[in-house]
Amino acid sequence: MTVAPIGIDDLLERERAHLDRLTAAQAAEAAADGGAVLVDIRYAALRDRDGTVPGALVVERNELEWRLDPLGDYRLPEATGHDLRVIVLCNEGYASSLAARSLQALGLHRATDLIGGFQAWAEAGLPVQRPEGWTAPAAD
């Protein structure tokens, strides 16, 4: 079977149609009431540069499915079942959409992502644990 080629923009649009994507404020509310787990899939260099979301699980993208599969041998304690509400965040909200769809394919039907990623979270003024010595970027 041959699959017709598709560009990344079309792929994102197609996959996002299956997600109930959240704004930063909605994600913060869902995590605060204990109804969702925030999962930061950014690589270490971005976390070291910009900081982290307090309370978010840090699971780099290449380990995500193994760590959150409730049936897997390598799951995290937080991977309690397929009904778990997972909100994936990347840096700007692109890779997280594809990652959330991959979690849905594992049966985590409530998985979704954060529109705009970590950058949107920080721009919304939500809590960020900044790295030691961090200074705000200079205004243009």
What about [X] and [Y], same hydrophobic cluster or not, with Ile/Leu/Val/Met/Phe/Trp/Tyr joined at side-chain heavy-atom distances under 4.5 Å?
| X | Y | result |
| --- | --- | --- |
| Leu106 | Leu84 | yes |
| Val88 | Leu46 | no |
| Tyr94 | Ile8 | yes |

Would you say that [X] contacts [Y] through its side chain, given a criterion of any heavy-atom pair below 4.5 Å between the two side chains?
| X | Y | result |
| --- | --- | --- |
| Val86 | Leu68 | yes |
| Leu19 | Gln104 | yes |
| Leu57 | Asp40 | no |
| Leu98 | Glu15 | yes |
| Trp66 | Arg75 | no |
| Val39 | Ile41 | yes |
| Leu108 | Pro70 | yes |

Determine, for Phe118 and Arg42, whether the Lys NZ or Arg CZ falls below 6.0 Å from the six-membered ring centre while staying within 45 degrees of the axis.
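Flagged: Arg42 positioned over aromatic ring of Phe118.
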Glu13 CD: over 12 foreign heavy atoms closer than 6.0 Å
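Check fails, neighbour count at 12 or below.
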Please determine whether the number of non-hydrogen atoms from other residues, nucleotides or ligands lying under 6.0 Å from atom CD of Glu63 exceeds 12.
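Yes, because the 6.0 Å sphere around CD of Glu63 holds more than 12 heavy atoms from other groups.
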Could you measure the distance from the [atom1] atom of [X] to the [atom2] atom of [Y]? Nearest 0.5 Å is fine.
| X | Y | atom1 | atom2 | answer |
| --- | --- | --- | --- | --- |
| Arg85 | His109 | CZ | NE2 | 11.5 Å |
| Arg101 | Ser96 | CZ | OG | 13.5 Å |
| Leu12 | Asp9 | CG | CG | 6.5 Å |

Considering non-hydrogen atoms only, spot the tightest contact between [X] and [Y] and give its length.
| X | Y | result |
| --- | --- | --- |
| Ala111 | Ala100 | CB-O, 3.7 Å |
| Cys90 | Ala95 | SG-N, 3.6 Å |
| Tyr74 | Arg67 | O-NH1, 3.0 Å |
| Arg61 | Ala99 | NE-CB, 3.6 Å |

Check against side chain to side chain contact (heavy atoms under 4.5 Å, CB included), Leu103 and Leu64
CA-CA 8 Å; Leu103 292 177; Leu64 183 68; 4.0 Å; yes
Looking at residues at least two apart in the chain, or sitting in another chain, which of them share a side-chain hydrogen bond (donor to acceptor under 3.5 Å, both in side chains) with Asp69?
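Asp69 satisfies side-chain hydrogen bond (donor to acceptor under 3.5 Å, both in side chains) with no other residue.
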Does any N or O in the side chain of Trp121 come within less than 3.5 Å of the main-chain N or O of Pro127, such that one atom is a donor and the other an acceptor?
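Yes; judged by distance alone, with no hydrogens or angles, the pair exists.
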Judged by atom type as modelled, is there a donor-acceptor pair below 3.5 Å linking the side chain of Arg130 to the main-chain atoms of Asp50?
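Yes: the side chain of Arg130 pairs with the backbone of Asp50.
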Using side chain to side chain contact (heavy atoms under 4.5 Å, CB included), reason through Leu22 and Glu29 one step at a time and then give a plain yes or no.
CA-CA 10 Å; Leu22 302 176; Glu29 184 178 329; over 6 Å; no
Given Leu89 and Asp113, is the side chain to side chain contact (heavy atoms under 4.5 Å, CB included) satisfied, shown in steps?
CA-CA 6 Å; Leu89 67 106; Asp113 75 323; over 6 Å; no
When you check the gap from the basic side-chain N to the acidic O, do Arg47 and Glu60 get nearer than 4.0 Å?
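Glu60 and Arg47: salt-bridged.
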Identified side-chain contact (heavy atoms from CB on, under 4.5 Å) partner of Arg21 from the options Ile87, Ile115, Leu114
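Answer to the side-chain contact (heavy atoms from CB on, under 4.5 Å) test with Arg21 among Ile87, Ile115, Leu114: Ile115.
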For the pair Glu65 and Ser102, evaluate side-chain hydrogen bond (donor to acceptor under 3.5 Å, both in side chains) and give the outcome as yes or no after the intermediate values.
CA-CA 7 Å; Glu65 291 82 359; Ser102 181; 2.5 Å; yes
